[in-house]
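As the structure is a computational prediction, the values presented were derived from the model and not from experiment. To find a chain, count down the sequence lines: A is the first, B the second, and so on, and within it residues start at 1.
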Number of protein chains: 2
Amino acid sequence: MTVEVKSAPPPLTARQEARRRRILHASAQLAGRGGFDAVQMREVAESSGVALGTLYRYFPSKIHLLVATMQDQLEHLHSTLRKRPPAGESAAERVAETLMRAFRALQREPQLADAMVRALTFADRSVSPEVDTVSRQTTAIVLEAMNLPGPPTPEQLAAVRVIEHTWYSTLITWLSGRASITQAGIDIETVCKLIDLTGPAGRDGPADPHYRR
Amino acid sequence: MTVEVKSAPPPLTARQEARRRRILHASAQLAGRGGFDAVQMREVAESSGVALGTLYRYFPSKIHLLVATMQDQLEHLHSTLRKRPPAGESAAERVAETLMRAFRALQREPQLADAMVRALTFADRSVSPEVDTVSRQTTAIVLEAMNLPGPPTPEQLAAVRVIEHTWYSTLITWLSGRASITQAGIDIETVCKLIDLTGPAGRDGPADPHYRR
DNA sequence: CGCTAACCTAGAACAAGTTTCAGTATCGAT
DNA sequence: ATCGATACTGAAACTTGTTCTAGGTTAGCG
């Protein structure tokens, strides 16, 4: 018997790729106005010119669809960020700057952000692999912003995880109207100080972390 | 015209109070096995001996119901914690200990935890006030664990907010099977270091924060 | 070309959250 | 004790995510 863990998905034909794109586009479109609730599976199917059953073949649930939409958007964001890397002095500053930039990007499409983030946090175990991909993408973005000279230490990875937790959580509280953008910014800056805490102890850390006060 | 912001809800009669309790009990019961999906409104109504319409009069949505269930459980937890306060040296240690204790409590009822947390993060604006209450309860628990000599500084409040973000977010990743309890514990400890960062700069901080390495 | 398996479509059907409605019971005040 | 207002019940209806079915289409291959 052939054991085939992590079997690669069969490559999609051009038409299939196109369908997939149309679906993701329709999803983002509908989410853009109306947010989570406006992304109705029948609507997505119709706007992307695909039968409902087919939609479910490509994305086994609404949550899967929206998480995939998030992956898609994150890729855009990532490549945008790569073009103009953050300029801060310390790693903490650069990370905070990057996250705030991402925040402003989401601010321009709050409904889309709402749909994606709600899906992400509502996802149950059946969506773990996809959510994990999103998590890895986020980690990659943060690590890139830190611009470390070498591989991150375990402490730094721990700090990054906490930063991500905070990032998504502030996003949620902002989206549900329980915190202002300002508040979110403060929280992001607060958590980024953790980097300075691990940094100097790391291999050779950021240049001259000047603590205020 | 009488402007009546924040009008107090009319006091409930004894029978109404009893109904409310029965509903919350049924909700926790069903959530306890089966998690979020097992809390079906028709079932809740039936098990608490109330008509579906009545259930909706008490809790305008499933999310409202589960968030209220969470408030209820948090009260239990809070009073339990008050009886045996954490014994750590520094504020950071005490907070970490408290949160880990809470974690273990949830571990005993993972399905219930799942239902409550999913509801909390899925909540939209219409549930803001209730979610806010939960947030305040959590803040109170953390601040109590810190056991500060006076009112918290703004930095300390910022740290507490970040800690809460991390707390809920680790909970989510644990519940969705993407991180182990161990991992969650590490993240909690990591973020609690933020307290030591604000503490010494604060009014008079914890005694002797000994940084490892 | 012609075959076969996999894929796609249209639409019905089902499940669970939510709303609605007509009738009945309860509450508070007179 | 009675009356009007409010709350509760039981049941049906509506919405949207999800599943299922029967038949048509496409892609790869001999």
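Whole-Å rounding puts the B/Met41 CE to C/dG17 C1' distance at 8 Å. Across the protein-nucleic acid pair, A/Arg57 atom CZ and C/dA10 atom C1' stand 15 Å apart, rounded to whole Å. Atom CD1 in B/Ile63 sits about 16 Å away from atom P in C/dA16, given to the nearest Å. Across the protein-nucleic acid pair, A/Glu43 atom CD and D/dT15 atom P stand 13 Å apart, rounded to whole Å. Protein atom CZ of A/Arg15 is 9 Å distant from nucleotide atom C1' of D/dT25, rounded to whole Å. Across the protein-nucleic acid pair, A/Leu66 atom CG and D/dG17 atom P stand 10 Å apart, rounded to whole Å. If you measure from atom NZ of A/Lys62 to atom C1' of C/dG17, you get 13 Å, rounded to the nearest angstrom. Note: OH (B/Tyr56) to P (D/dT9) measures 15 Å, nearest angstrom.
Judged by a 6.0 Å distance limit and a 45° cone about the ring axis, B/Lys62 is positioned over the six-membered ring of B/Phe36.
Side-chain contact annotation: A/Thr13 with A/Arg15, donor-acceptor N/O pair under 3.5 Å absent.
When side chains are defined from C-beta on, A/Asp72 counts as touching A/Arg21, because their heavy atoms get closer than 4.5 Å.
Side chain A/Arg42 to base D/dT15: no donor-acceptor pair is found below 3.5 Å.
Nearest heavy-atom pair, A/Ala28 versus A/Gln73, reported as atom, atom and distance to 0.1 Å: CB-NE2, 3.9 Å. When all heavy atoms of B/His78 and B/Ala140 are compared, the pair lying nearest together is CE1-CB, 4.1 Å.
Between B/Lys193 and B/Glu189, no side-chain nitrogen of the basic residue sits less than 4.0 Å from a carboxylate oxygen of the acidic one, so the salt-bridge criterion is not met.
Backbone-only engagement by A/Val39 is indicated by non-hydrogen atom pairs under 4.0 Å involving sugar-phosphate atoms exclusively. Within the 4.0 angstrom heavy-atom criterion, only backbone atoms of the sugar-phosphate kind lie near A/Tyr58; the bases stay farther away.
Both B/Thr13 and B/Pro60 lie near DNA chain C, and the one whose nearest nucleotide falls closer to the 5' end is B/Pro60. When each of A/Gly53 and B/Thr54 is assigned the nucleotide of DNA chain D with its nearest heavy atom, B/Thr54 is the one assigned upstream, toward the 5' end.
When each of D/dT9, D/dT19, D/dA12 is scored by its nearest atom to the side-chain atoms of B/Leu52, the top-ranked nucleotide is D/dA12.
Listed in residue order, the members of residues 16-25 of chain A having a heavy atom less than 4.0 Å from DNA chain C are A/Gln16, A/Arg19.
Atoms CH2 and CG, from A/Trp167 and A/Asp187 in turn, are 12.0 Å apart once rounded to the nearest 0.5 Å.
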